[in-house]
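Here is the structure we will look at.
Convention: sequence-line order gives letters A, B, ...; per-chain numbering from 1.
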There are 2 protein chains.
Amino acid sequence: MTFPELPHDTRSRLIESAILTFAAKGFDGAGIREIAKGANANSALVAYHFCGKEGLYRETLKAIFARKSCVVSELATIPPAGTPGARQAALQGFQDYIRAFFTELVSCLGSDPIDEAAMVLMAREMQAPRPASAPLLLEHLKPYVDHLTHCLQVLRPDLDEDALFAMGVSIQGQIIHFKNSLGIIRLIRGNPAYPEDLEKVIRHHIDFSLRGLGVPEAFPQPRH
Amino acid sequence: MTFPELPHDTRSRLIESAILTFAAKGFDGAGIREIAKGANANSALVAYHFCGKEGLYRETLKAIFARKSCVVSELATIPPAGTPGARQAALQGFQDYIRAFFTELVSCLGSDPIDEAAMVLMAREMQAPRPASAPLLLEHLKPYVDHLTHCLQVLRPDLDEDALFAMGVSIQGQIIHFKNSLGIIRLIRGNPAYPEDLEKVIRHHIDFSLRGLGVPEAFPQPRH
DNA sequence: GACAATATCAAACGATTGATTAACATGGGT
DNA sequence: ACCCATGTTAATCAATCGTTTGATATTGTC
């Protein structure tokens, strides 16, 4: 559940503190002295270990990506379109994907605060990527995009590339937005512990996405 | 298309420059000297006119909200549930809403750079609201939430409050995410001018939302 | 034990931050 | 002509920024 190196050497402690501090205050808002203090280290060490603040930020993102890269790869690979059973596999793979993606993003809320902060940082980076780290982000996102795109292709072979892409963006979008705007959502609802039944929310996202995608199997009338 | 006061007094010029600079660099990244320079004004004037940087930021958000508050109020009010014709009106009102919301958020891309920056700022504020300005944001968002919720109630009277709310979040989410992540989306597609046909994207969002919502009328099979 | 490489430290660097000050201009009000 | 309120300015404030420096531990090697 925690970062690879248990020994917790200074370098790792700095990165952990950086995740927390950058997530809480942003790149400009977080000072290296504050980060160092959070790691019980000297502020001069970020220059020594990471060649400066920007380097620490880059290495922080790398650590987050390395930690999260396994999620999508754990999903079953679905057979190519046309193969018998591909449609059924894609249908299941699609649901697994949403559940995994949602869990990675949202379900970590009560668990490790570092995990939580890491997701805040990643969300911020997706919305306004620091130019130096945009390639890193792209590379990390690619497997997700590929997996989802493949599922969609199998489920809606009649759509062209543009339409498929739009579907993918919408499906990812509702989940990412749910995570990003949880603060506002709780304010609007007036309930600081809003998603009380997480499973219910996940099922909603799956159902909504399948219907939105236009998969016939998902649309036996909800009103019966 | 521009801000109310044409005279462009120093105060207004400062706010305009603040919109651009805060949007580009964030609250901490933007310096009052830089903002002042963008307004051809002295940096001491932000303390004089706005009681400091935080006050300038608050007043900047107010200006943006005042400028955008009209969008939802221009939509036709739909009759209460049960009234004859309510369903048809809600169906139309729902589509108008998505179109209006999408246009406000995304369509300003080629137009006024201040409009564009204002939306960037607002998106950032929705994701991570500065504590002092959260009430402002909530008040501005309320009409949107109310309008959408009312439409959903009419279209899906069988759902409970939780389910309706989840629907609203998903629908708003895909649009907001589309706007927020346009940068990454363009990188992924490798096309810096991605939404070449904006109308097509709007129609996708309407169709996806209606199907996702589970409105029977919206689901005559897309595969014919 | 001597040596060199790696880590860590306190201290100070110059630059920049937001805020403050006092002087100065401007324009009615009397 | 005098006065006061309103803007505006350059200069300066203390504080903090990220970075650099030189000295000091720590470690492994011969």
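With sequence neighbours left out, B:Lys62 forms a salt bridge (Lys or Arg N to Asp or Glu O under 4.0 Å) with no residue at all. Qualifying side chain to side chain donor-acceptor pair (under 3.5 Å) partners for A:Arg130, counting only residues two or more places apart in sequence or in other chains: A:Glu54. Applying the ring pair (Phe, Tyr, Trp, His ring centres under 6.0 Å) criterion to A:His147, with sequence neighbours excluded, gives A:Tyr97. Under the rule for a ring pair (Phe, Tyr, Trp, His ring centres under 6.0 Å), the partners of B:His205 that lie at least two apart in sequence or sit in another chain are B:Phe102, B:Phe178. Scored by the side chain to side chain donor-acceptor pair (under 3.5 Å) test, A:Lys200 finds no partners at all (sequence neighbours excluded). Among residues two or more places apart in sequence or in another chain, the side chain to side chain donor-acceptor pair (under 3.5 Å) test is passed with A:Glu59 by none.
Remark: P of D:dG7 and CZ of B:Arg11 are 10 Å apart, rounded to the nearest angstrom. Computed from coordinates, the B:Arg13 CZ to D:dT8 P distance equals 7 Å when rounded to whole Å. When rounded to the nearest whole Å, the span between CG of B:Leu14 and P of D:dT8 equals 9 Å. C:dT17 atom P lies 19 Å from atom NZ of A:Lys25, rounded to whole Å. Summarising the geometry, the separation between CZ on B:Arg33 and C1' on D:dA11 is reported as 11 Å, rounded to the nearest angstrom. Rounded to whole angstrom, the span from the CD1 atom of A:Ile32 across to the C1' atom of C:dA15 amounts to 14 Å. Atom CD of A:Glu34 and atom P of D:dT19 are 16 Å apart (whole Å). Counting to the nearest Å, the P atom of D:dG7 and the CG atom of B:Asp9 are 9 Å from each other.
Minimum interatomic distance between B:Arg99 and B:Ile206 (heavy atoms only, all atoms of both residues): NH2-CD1, 4.2 Å.
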Dot-bracket for DNA chain C, please. Rules: Watson-Crick or G-U, both distances under 3.5 Å, ( ) within the strand, [ ] when a pair crosses earlier ones, | for another strand, . otherwise. ||||||||||||||||||||||||||||..

Which donor-acceptor pairs under 3.5 Å do the side chains of residues 35-50 of chain A make with protein atoms, sequence neighbours left out?
| unit_1 | atom_1 | unit_2 | atom_2 | d |
| --- | --- | --- | --- | --- |
| A:Asn42 | OD1 | A:Ala44 | N | 2.8 |

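Residues from residues 37-51 of chain B lying near DNA chain C, meaning a heavy-atom separation below 4.0 Å, are B:Ala44, B:Ala47 in numerical order.
Within the nucleic acid shown, A:Ala36 has no heavy atom closer than 4.0 Å to any nucleic acid atom.
Inspection of the A:Asp9 and A:Ser12 side chains reveals an N or O donor paired with an N or O acceptor under 3.5 Å.
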